[in-house]
2 protein chains.
Amino acid sequence: METTMDMLLTEMPTAGCCMPALAPRISPAEAQQLSDDLTMLSHPIRLQILDMLAQRDGEVCVCDLEAALPVKQPTVSHHLKLLRAAGLITCERRGLWAYYSVQREALAAMRRRILAQFDALQ
Amino acid sequence: METTMDMLLTEMPTAGCCMPALAPRISPAEAQQLSDDLTMLSHPIRLQILDMLAQRDGEVCVCDLEAALPVKQPTVSHHLKLLRAAGLITCERRGLWAYYSVQREALAAMRRRILAQFDALQ
DNA sequence: CGCCTACATCGAAGGTTGTCAATATAGTTT
DNA sequence: AAACTATATTGACAACCTTCGATGTAGGCG
């Protein structure tokens, strides 16, 4: 007859579960950071915006984006605001227009963070 | 005095916007696929589950996961179901227990898809 | 058989996100 | 100054996501 203690201390070939101390190697905080990065990228409109800005850095205004995307102007502005808050893009006002650019270094840093965690999963 | 037509046909050093045919190089369908991939990964619980499964392939049951995570059993089952539907994990029932494994090839394929699109942004 | 255990599913509640019409803001033109 | 333009913001609504208690299911055991 085996006690619970015996089961915890011996190896269990076929039956049994809940082996000693399984824990994620990634910390909850790291998981949250990675999740935030991925969430920022996980929207088709934001991906397409980043793609267009990467093509024509500093020369893309909101009406260009609006014309190329299947959403209305307030929605474009909304996604631009999110990307700006995440540090992935910047905007410069010239006259009536707002010209947006990718922050390539910030995007590269995010890419590095994502890859590092991905590779930690082997 | 310049007409709108003049502005469209000449180069515009400072003012003017809406240049010819800006379009995302990434298609809406590709953007959606990438967005789906990223969405699947963009949750701390799912990331931690994948991390734990990557450590101890095929020997992790739901109660191990539940013990290591700050959510209740139905929530763990919910995330496992999503990961299973995405093809990223599989489960094998042995007796009362359900043992989960990472599908390393599916995860690697997802990594490849994400990286390819990321690199396309330069 | 009846009870127990591990896990899945259901259904409801609460939170977050995405969208757009309406409106505000700020620069431009006349 | 008044009219106009590009963009931002607001507020409302709908859709979606996450979570969990309650319940269902199926295998193991006395």
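Order of the sequence lines fixes the chain letters, A, B, ..., with proteins taken first and strands second; residue numbering starts at 1 for each chain. All values reported here derive from a predicted model rather than from experimental measurement.
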Asker: Taking for each residue the nucleotide of DNA chain C with the nearest heavy atom, is it B:H78 or A:G95 whose nucleotide lies nearer the 5' end?
Answerer: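 Comparing both residues, the 5'-ward one is B:H78.
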Asker: Search all heavy atoms of B:S42 against all heavy atoms of A:T39 and return the closest pair with its distance.
Answerer: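 Minimum heavy-atom contact is CB-OG1, 3.5 Å.
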Asker: Among D:dA6, C:dA8, D:dA8, which nucleotide has an atom closest to any side-chain atom of B:S77?
Answerer: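 The answer is C:dA8, which lies nearest to the side chain.
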Asker: Identify, residue by residue, the members of residues 69-76 of chain B with a heavy atom below 4.0 Å from DNA chain C, and return them in order of residue number, or none.
Answerer: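 Heavy-atom cutoff 4.0 Å gives B:Q73, B:P74.
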Asker: Quickly work out the A:Y99 OH to D:dA6 C1' distance and round it to whole Å.
Answerer: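 Rounded to whole Å, this separation is 10 Å.
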Asker: For D:dT9, take OP1 and OP2 only and decide whether either is under 4.0 Å from a side-chain N or O of A:K81.
Answerer: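 So the side-chain polar atoms of A:K81 do come within 4.0 Å of the phosphate oxygens OP1 or OP2 of D:dT9, strictly under.
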Asker: Measuring from the side chain of B:L82 (C-beta onward, heavy atoms only), which nucleotide among D:dA26, D:dT5, D:dT18 has the closest atom?
Answerer: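 Of all the options, the side chain of B:L82 is nearest to D:dT18.
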Asker: In this structure, how many angstroms lie between the C1' atom of C:dT19 and the CG atom of A:L80, rounded?
Answerer: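 Going from A:L80 (CG) to C:dT19 (C1'), I get 15 Å.
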Asker: What is the distance from CG of B:L65 to P of C:dA6, rounded to the nearest Å?
Answerer: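 Taking atom P of C:dA6 as the reference, CG of B:L65 is at 14 Å.
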Asker: Report the residues that fulfil salt bridge (charged side-chain N to carboxylate O under 4.0 Å, His left out) with A:R93, sequence neighbours left out, ordered by chain and then residue number.
Answerer: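 Scan of A:R93 (salt bridge (charged side-chain N to carboxylate O under 4.0 Å, His left out), adjacent residues dropped) gives none.
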Asker: Examine distances only and state if a side-chain atom of B:Q117 and a backbone atom of B:A31 form a donor-acceptor pair shorter than 3.5 Å.
Answerer: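 No, because the side chain of B:Q117 does not come within donor-acceptor range (under 3.5 Å) of the backbone of B:A31.
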Asker: Rounded to whole angstroms, how far apart are CZ on A:R94 and C1' on C:dA26?
Answerer: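 Between C1' of C:dA26 and CZ of A:R94: 17 Å.
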Asker: With a non-hydrogen cut-off below 4.0 angstrom, is B:H79 in contact with a base, only sugar-phosphate, or nothing?
Answerer: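 Result for B:H79 = sugar-phosphate.
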Asker: List for me each residue that meets ring pair (Phe, Tyr, Trp, His ring centres under 6.0 Å) alongside A:H79, sequence neighbours excluded, and say none if there are none.
Answerer: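 Ring pair (Phe, Tyr, Trp, His ring centres under 6.0 Å) list for A:H79, sorted by chain: A:H43.
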Asker: Just to be sure I understand the geometry, which residues of residues 35-50 of chain A put a non-hydrogen atom under 4.0 Å away from DNA chain D?
Answerer: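 Output list: empty, so none.
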Asker: Who are the salt bridge (charged side-chain N to carboxylate O under 4.0 Å, His left out) partners of B:R46, not counting sequence neighbours?
Answerer: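 For B:R46 there are no salt bridge (charged side-chain N to carboxylate O under 4.0 Å, His left out) partners, ignoring immediate neighbours.
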Asker: Out of D:dA8, C:dC7, C:dT9, which nucleotide sits closest to the side chain of B:V62?
Answerer: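 Selected nucleotide: C:dC7.
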Asker: Determine, for A:E30 against A:R25, whether the closest basic-nitrogen to carboxylate-oxygen distance falls under 4.0 angstrom.
Answerer: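 Not counted as a salt bridge, because no side-chain N and carboxylate O are separated by less than 4.0 Å.
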Asker: In this structure, how many angstroms lie between the P atom of D:dG27 and the CH2 atom of B:W97, rounded?
Answerer: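 Going from CH2 in B:W97 over to P in D:dG27 covers 14 Å.
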Asker: From CD1 of A:I89 over to C1' of D:dA8, roughly how many Å is that when rounded to an integer?
Answerer: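 These atoms are roughly 13 Å apart.
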Asker: Send over the distance from B:L96 CG to D:dC29 P, rounded to a whole Å.
Answerer: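 In whole Å, D:dC29 P and B:L96 CG are 8 Å from each other.
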Asker: Looking at B:Y100, I'd like to know whether one of its side-chain N or O atoms comes within less than 4.0 Å of OP1 or OP2 on C:dA6.
Answerer: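 Answer is no, no contact under 4.0 Å.
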Asker: Rounded to whole Å, please give me the gap between CD in A:E66 and C1' in C:dT19.
Answerer: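 For the pair A:E66 CD and C:dT19 C1', the rounded distance is 13 Å.
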Asker: For a quick test of reading the model, state the closest non-hydrogen atom pair linking A:Q32 to B:P44 and the distance between them.
Answerer: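 Reported closest heavy-atom pair: OE1-CG, 3.4 Å.
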Asker: With a cut-off of 3.5 Å and sequence neighbours excluded, list every side-chain donor-acceptor pair involving residues 100-108 of chain B.
Answerer:
residue, atom, partner, partner atom, Å
B:Y100, OH, B:R84, NH2, 3.3
B:S101, OG, B:G58, N, 3.4
B:R104, NE, B:D57, OD2, 3.4
B:R104, NH2, B:A54, O, 2.9
B:R104, NH2, B:D57, OD2, 3.4
B:E105, OE2, B:R112, NH2, 2.8

Asker: Donor-acceptor pair, distance only, cut-off 3.5 Å: does the side chain of B:Q55 make one with the backbone of A:A23?
Answerer: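 Between the backbone of A:A23 and the side chain of B:Q55 there is a qualifying donor-acceptor contact (under 3.5 Å).
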Asker: What are the two closest non-hydrogen atoms of A:L69 and A:I49, and how far apart are they?
Answerer: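 Here A:L69 and A:I49 meet closest at CD1-CG1, 3.7 Å.
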